[in-house]
Protein chains: 2
Amino acid sequence: MTTLAPSKSEQAYELLHERIAKGELVPGYRLVLGTIAAELGCSTVPVREAIRRLEAEGLVTFERNIGATVAAVDAELYLHTMETLAVIEGAATALAAPLLSAVDMAEARAINAELRRCLEDFDPPRFTQLNDRFHAVLYERCPNPHILDLVHRGWNRLNAMRASSFSHIPGRARSSVEEHEQLLDLIDAGASTSEVEKAARAHRTNTLNAYLAADGMPPSPL
Amino acid sequence: MTTLAPSKSEQAYELLHERIAKGELVPGYRLVLGTIAAELGCSTVPVREAIRRLEAEGLVTFERNIGATVAAVDAELYLHTMETLAVIEGAATALAAPLLSAVDMAEARAINAELRRCLEDFDPPRFTQLNDRFHAVLYERCPNPHILDLVHRGWNRLNAMRASSFSHIPGRARSSVEEHEQLLDLIDAGASTSEVEKAARAHRTNTLNAYLAADGMPPSPL
DNA sequence: AAGTACGAAATCGTATACGATCTATCATCG
DNA sequence: CGATGATAGATCGTATACGATTTCGTACTT
């Protein structure tokens, strides 16, 4: 039994998803069915399906008789996404915490050590990549598949948006690394679920609030 | 300018969504593209799109070269969904609380009074309907559209599952009405966001834990 | 009788085709 | 000159058609 080739709609989905995540397709970019189909060497039908999927994930908007465009990102949307992820990832991390093995914790600490090194070398792309991985280790063991799925979607959106270059907050990366360490210590100390949730959420709302403050807006109430 | 007729794929989506929510299509039911298409008097293409959308919402599963079935619901899935909704709706309600008008609060109190009456008359379908509406009033003003969207999806799933008759926990409806009252009092008293979130979440985890306890399982750590 | 091989029917995946709708361009009119 | 309306081109929405894959029943083998 040979492994089944990926369907055209899968291919289209992967292609578009990757391009959006990489920022090759900037927000507002018009996705023309025929053009994408031609590029992939397939008809428009599977492309439509792929776009519907991306729409469901919030990466593109699709209007009747108008077409699809890469979802526009304004500051408000970006911040709303961060806030949502704060809630979801906080819960995911809290639920996963009791299930983390010693190996998991060691991996997290190792990644955070790498992150610290990135600060010295000033390597933002690598920092972002490692940061994502760090968080993944902490929430991946979450036993609730729905919550896990929502975390993934949140990260997808955030990555797609991040590509459209939001300015970084100076000094935030450094405090982020410190917060990682504290979070790991908290888990190692056997903190309660609600304590872990609080800390994990705060880690994210701190970033969010830094952005809000930079815009002269009040912090998130969460 | 006449209003545009809903597209076939919209129609298919609405139809299937409604039938699943109403429980006419039980979990595990096989959705055959051709059959649905014939019933709607359209081709299979728009039906595929509709099913993809339902898949993205978790209401159906769709496997390559196999087809779509209404998502099977086991107790575990149901409970995971409730847990997720506890987190999301808790946040939504907390964020909405400061934005509730006096009219909103009055409506919520009125609905809860109705709920209380339903207890006497023993009218479960009406109770469920009013209960949904009560919660909607409390979270609808949530200023974060993502969170609001997730709440809606969560309710959709829960309603679809609920149809497949999960046994009700005796006495839970009554305490639920009391908790509603307490939640409203808390908001009226100008409680902090985190207090409201805690209460709103607890309201849901209480139900969840009642189910878990009935199955002899430990309560959710959230 | 249980298991396997094969063929037919059912169903899915997608290419093609064409009408419907939107957008842009340009002529016409006030 | 600006507004309005008509026309052409682009793009979308969906019907139809057909090859690909799976499923199921039946005959055959051990």
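Proteins come first, then strands; the chains are lettered A, B, ... in the order of their sequence lines, and each starts at number 1.
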In residues 8-15 of chain B, what donor-acceptor pairs under 3.5 Å come from side-chain atoms, sequence neighbours left out?
| residue | atom | partner | partner atom | Å |
| --- | --- | --- | --- | --- |
| B:Q11 | NE2 | B:P6 | O | 3.2 |
| B:Y13 | OH | B:E57 | OE1 | 3.0 |
| B:Y13 | OH | B:E57 | OE2 | 2.6 |

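Applying the ring pair (Phe, Tyr, Trp, His ring centres under 6.0 Å) test to B:F127 and every residue at least two apart in sequence or in another chain returns nothing. Partners of B:S176 by side-chain hydrogen bond (donor to acceptor under 3.5 Å, both in side chains), not counting sequence neighbours: none found. Not counting sequence neighbours, B:T44 has no partner by the side-chain hydrogen bond (donor to acceptor under 3.5 Å, both in side chains) test. Applying the side-chain hydrogen bond (donor to acceptor under 3.5 Å, both in side chains) test to A:T205 and every residue at least two apart in sequence or in another chain returns nothing.
Annotation: salt bridge (Lys or Arg N to Asp or Glu O under 4.0 Å) contacts involving residues 143-160 of chain A, sequence neighbours excluded, comprise A:D149-A:R153. For residues 122-137 of chain A, the side-chain hydrogen bond (donor to acceptor under 3.5 Å, both in side chains) pairs, not counting sequence neighbours, are A:E89-A:H135, A:E107-A:R133, A:E114-A:R126, A:N131-A:H180, A:H135-A:H180, A:H135-A:H203.
With rounding to whole Å, A:R52 atom CZ is found 12 Å from D:dC12 atom P. Per the geometry, CD1 belonging to B:I66 stands 13 Å off C1' belonging to C:dA10, to the nearest Å. Between the CD1 atom of B:I51 and the C1' atom of C:dT11 there is a distance of 12 Å, given to the nearest Å.
Taking every side-chain heavy atom of A:F62 into account, D:dG13 is the closest of D:dT14, D:dG13, D:dT21. In this structure, of D:dA15, C:dT14, C:dT23, it is C:dT14 that holds the atom nearest to the side chain of A:K8.
Considering only heavy atoms from C-beta on, A:I147 stays 4.5 Å or farther from B:H80 through its side chain.
The stretch residues 29-46 of chain A touches DNA chain C through A:C42, A:S43, A:V45, A:P46, each having a heavy atom under 4.0 angstrom from the strand.
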Can you tabulate the close N/O pairs, meaning under 3.5 Å, that link protein atoms to atoms of nucleotides 6-8 of chain C?
none

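Under 4.0 angstrom from either OP1 or OP2 of C:dC12 there lies no side-chain N or O belonging to B:R64.
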